[in-house]
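Here is how names work: the chains are called A, B, and so on, in the same order as the sequence lines, proteins then strands, and each is numbered from 1. Every heavy atom of this structure was used, including side-chain atoms; hydrogens, water molecules and symmetry mates were not.
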There are 2 protein chains.
Amino acid sequence: MQVSARGEYAVRIALTLAAEHPRTISASTLASAQGLPRKFAEVILGDLRRAHLVASARGVEGGYRLARGPERISVGEVLRAVDGPLAEVRGRRPEETSYEGAAVNLPRLWVAARAAVRSVLDEVSLEQAASGEFPVRVAELTDEEGAWAPR
Amino acid sequence: MQVSARGEYAVRIALTLAAEHPRTISASTLASAQGLPRKFAEVILGDLRRAHLVASARGVEGGYRLARGPERISVGEVLRAVDGPLAEVRGRRPEETSYEGAAVNLPRLWVAARAAVRSVLDEVSLEQAASGEFPVRVAELTDEEGAWAPR
DNA sequence: AGCATATCCTATCTATCAAGTAGGATTCAA
DNA sequence: TTGAATCCTACTTGATAGATAGGATATGCT
């Protein structure tokens, strides 16, 4: 699960918008709040707008705000908007894969892996991520032995 | 969770070796069994060897075999050997991330997402993946409503 | 010894993409 | 009308994925 710079930035921007919801905030304010390059932030906000996750207003007093309440937008949606599907195998979606021989059962494994990712990223709203009050299932994952250790 | 061509190929090769364990199989046989470019398969097998997941023998009658029993190697280990860490955020490990403002809780979310991925890929052995007899927890994920549908 | 068949090593190629920058056209409130 | 903002198109730069090429090295068999 590789999260790109775009993806990380998008989530940080979305969280900032969530915390200020429903106020309208400019790209430069958002960028400096999270220490991101302004122009790049603009590009990302364009993606989020096209995905209907944020609404924008031009002109003085313009800026961006979440298109829905922060409890109704998941982190997964934000990531998908800028990075595409959450899980892909060699550029294909898990259920589109197909193999022969000893690998015939692999598609099921890819689908399971994607389901696991979704069970976290699609189940956590911006509101929860901003407040740190994660769903129990998710919180349990971070409490597990070894969850914070590299492998 | 993007699985690269290398990653996918590595798992398919590993599964083929698992099915034939403990026989020694040549790179060309493995490659044609799974329809992969032979030279590329050699590179990947080199990675797997350096990670001590396969053992190799040179010369006529040479080839590759799993370094351990297929029930003692997880799919996650194979993927790590060729693609590096299972989860990274902007090139960093989840527990190494750190943010300010509305994103302070984000590292916990990244760690949870990684734990979710691990709970599938590190809990499924090559033997299980080859036979299709996945652990209950994993099998349940593929049975869930919508698990096979794109988003 | 010699040969066939493997692994193994180094180097190279090409296309694509990520990340970020540049400049300016457009919109809008005061 | 002016200042501040979004929005649009284009570009640069570097790294990486996904191979391929050629040959050096090892090994079993006859």
I want to confirm an ordering. Mapping A/Arg6 and A/Arg38 to their closest nucleotides on DNA chain C, which one lands closer to the 5' end? A/Arg6
Can you tell me the distance, in whole Å, between the [atom1] atom of [X] and the [atom2] atom of [N]?
X       : N      : atom1 : atom2 : value
A/Asp47 : D/dC8  : CG    : P     : 12 Å
B/Glu8  : D/dA17 : CD    : P     : 16 Å
B/Arg92 : C/dA19 : CZ    : P     : 12 Å
B/Phe40 : C/dC8  : CZ    : P     : 17 Å
B/Ile25 : C/dT7  : CD1   : C1'   : 15 Å
B/Leu36 : D/dT20 : CG    : C1'   : 15 Å
B/Arg90 : D/dA15 : CZ    : P     : 17 Å
A/Glu42 : C/dT21 : CD    : P     : 12 Å

Verify the contact: side-chain N or O of [X] to OP1 or OP2 of [N], cut-off strictly under 4.0 Å; return yes or no.
X       : N      : answer
B/Tyr9  : D/dG18 : no
A/Ser56 : D/dC7  : yes
A/Tyr64 : D/dA5  : no

Want to settle it: does A/Ala57 or A/Val43 sit nearer the 5' end of DNA chain D, counting the closest nucleotide to each? A/Ala57
Can you confirm whether more than 12 heavy atoms, excluding those of [X], are under 6.0 Å from its [atom1] atom?
X        : atom1 : result
B/Glu133 : CD    : no
A/Arg137 : CZ    : no
A/Arg92  : CZ    : no

Co-membership, hydrophobic cluster, residues B/Val138 and A/Tyr99, 4.5 Å side-chain: yes
Given [options], which nucleotide is nearest the side-chain atoms of [X]?
X       : options               : answer
A/Arg58 : C/dT26, C/dC8, C/dG20 : C/dT26
B/Val60 : D/dG22, C/dA29, C/dT5 : C/dT5
A/Arg49 : C/dG20, D/dC8, C/dT7  : D/dC8

Polar side-chain contact A/Lys39-C/dG23 base: donor and acceptor under 3.5 Å: yes
Check if the side chain of B/Glu61 and the base of D/dC29 share a donor-acceptor pair of N or O atoms closer than 3.5 Å. no
Candidate pair B/Arg151 and A/Arg80, rule side chain to side chain contact (heavy atoms under 4.5 Å, CB included), full reasoning: CA-CA 9 Å; B/Arg151 284 196 191 165; A/Arg80 265 187 215 102; 3.8 Å; yes
Assign B/Gly46 to base, sugar-phosphate, or nothing according to its heavy-atom contacts below 4.0 angstrom with the strands shown. nothing
